[in-house]
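The next block holds one structure in the form of structure tokens; read it before the comments.
Note that these values count all heavy atoms, side chains included, but never hydrogens, waters or copies made by symmetry. Order of the sequence lines fixes the chain letters, A, B, ..., with proteins taken first and strands second; residue numbering starts at 1 for each chain. Because the structure is predicted, anything quoted here is derived from the model rather than measured.
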Number of protein chains: 2
Amino acid sequence: MEPLVTRLRNREWRLTAQRRVIAETLAGEHVHLTADEVYERSRAVLPEVSRATVYNTLNELVGMGELLEMTHTDGRKRYDPNVEERHHHLVCVSCGRMLDVRADDPRLPEDQHHGFELLAVEVTFRARCPECVPAASTS
Amino acid sequence: MEPLVTRLRNREWRLTAQRRVIAETLAGEHVHLTADEVYERSRAVLPEVSRATVYNTLNELVGMGELLEMTHTDGRKRYDPNVEERHHHLVCVSCGRMLDVRADDPRLPEDQHHGFELLAVEVTFRARCPECVPAASTS
DNA sequence: CTCCACGCTTGGAATTGTTCTAAGTTCGTT
DNA sequence: AACGAACTTAGAACAATTCCAAGCGTGGAG
């Protein structure tokens, strides 16, 4: 599918230099950066980008549905540009590395709905990544 | 199953007045309080409890496996004393109300493991609760 | 029983992630 | 070229959480 920047060009949304740099930072697969990582990487390309603009832009993109926001167990939010393909996440409990994975959605039995109107399902597989498995067994 | 406080008595862990009050605050089903809510409720019972002790105790209980920690989309962590029964969560996207629900765990296909060693699965059903459905349709 | 050491608790300061604000800049329109 | 709207900025403000140094309390050694 088209990268984020391309999708943004086709919207009535002012694509300024700052916004373009921020969007380009978020290109690719298995990208799950924190706001601060986006800020640092954007600044490496365009030094005068401000933190406020990064936060503003990220929040707008989430609102526009061009970015998914999620919260890791540590306090900060992460942003995932992969919004077209339904997917879940595989997260390493020790280093935090995160990958997009495809798996069937679990179904909520009718007697468990409690009158709620279902909208979406989020699945996170907690695991230990190949680099962290050896470290864990020696400790 | 036994309530949290009972389980704690059977451990080598000093059950002080503060810790007991905090643990009692977290009794029951469908309890998913934030640290601050725990603090306020504990203080209503034992006014000289400090915020630091609440945070310390919650973190210790999480480390001991007697409490589950999770992060809502808003920044703060919530604590769930229901650790014995495997369950998932049903969350209202507009008011944040959260219930424990039973549903089958999704399976991650072998070709999606990426060499990771699976430890756990977390599922969150996002939905609108009965009180919030009417409000959403009129807006 | 008394005393001591260690673990627990405290209030406040520090840290971290995020949002707000007021002022300055840029862009598209005319 | 001039204007207004939208965007950006630095820094202040805010909220959740952790850190810290000092005080307290309790259980075990004597």
Phosphate contact ([N] OP1 or OP2) by [X] side-chain N/O below 4.0 Å:
X       : N      : result
A/Lys77 : C/dT19 : yes
B/Tyr55 : D/dT18 : no
B/Arg19 : C/dC8  : yes

Tell me the interatomic distance from [X], atom [atom1], to [N], atom [atom2], rounded to whole angstroms.
X       : N      : atom1 : atom2 : answer
A/Tyr39 : D/dG11 : OH    : P     : 10 Å
A/Leu58 : C/dG17 : CG    : C1'   : 13 Å
B/Glu12 : C/dG7  : CD    : P     : 13 Å
A/Gln18 : C/dG24 : CD    : P     : 18 Å
A/His72 : C/dT18 : NE2   : P     : 13 Å
A/Asn56 : C/dT21 : CG    : P     : 12 Å
B/Glu69 : D/dA16 : CD    : P     : 15 Å
B/Met70 : D/dA16 : CE    : P     : 17 Å

Handout entry: A/Arg78 with A/Glu69: basic N within carboxylate O range, under 4.0 Å
Key =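 A salt bridge is absent here (no side-chain N lies under 4.0 Å from a carboxylate O).
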By the 4.0 Å heavy-atom rule, please label [X] as base, sugar-phosphate, or nothing.
X       : value
A/Arg14 : base
A/Asn59 : sugar-phosphate
A/Thr53 : base
A/Thr16 : sugar-phosphate

So does [Y] get a backbone contact from the side chain of [X], meaning a donor-acceptor N/O pair under 3.5 Å?
X        : Y        : result
A/His30  : A/Asp100 : yes
A/His113 : A/Leu108 : yes
B/Gln112 : A/Val101 : no

Practice task
Look at the side chain of A/Ala52 and decide which nucleotide, out of C/dT18, C/dT10, C/dC20, has an atom nearest to it.
Solution key: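 Of the options given, the side chain of A/Ala52 lies nearest C/dC20.
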Problem - Validation row, ring centre A/His72 to ring centre A/His32 under 6.0 Å - result: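 Distance test on ring centres: not under 6.0 Å, no.
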Problem - Closest-nucleotide 5' rank along DNA chain D - winner of A/Trp13 and B/Arg76 - result: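 Taking each residue's closest nucleotide, the earlier one in sequence belongs to A/Trp13.
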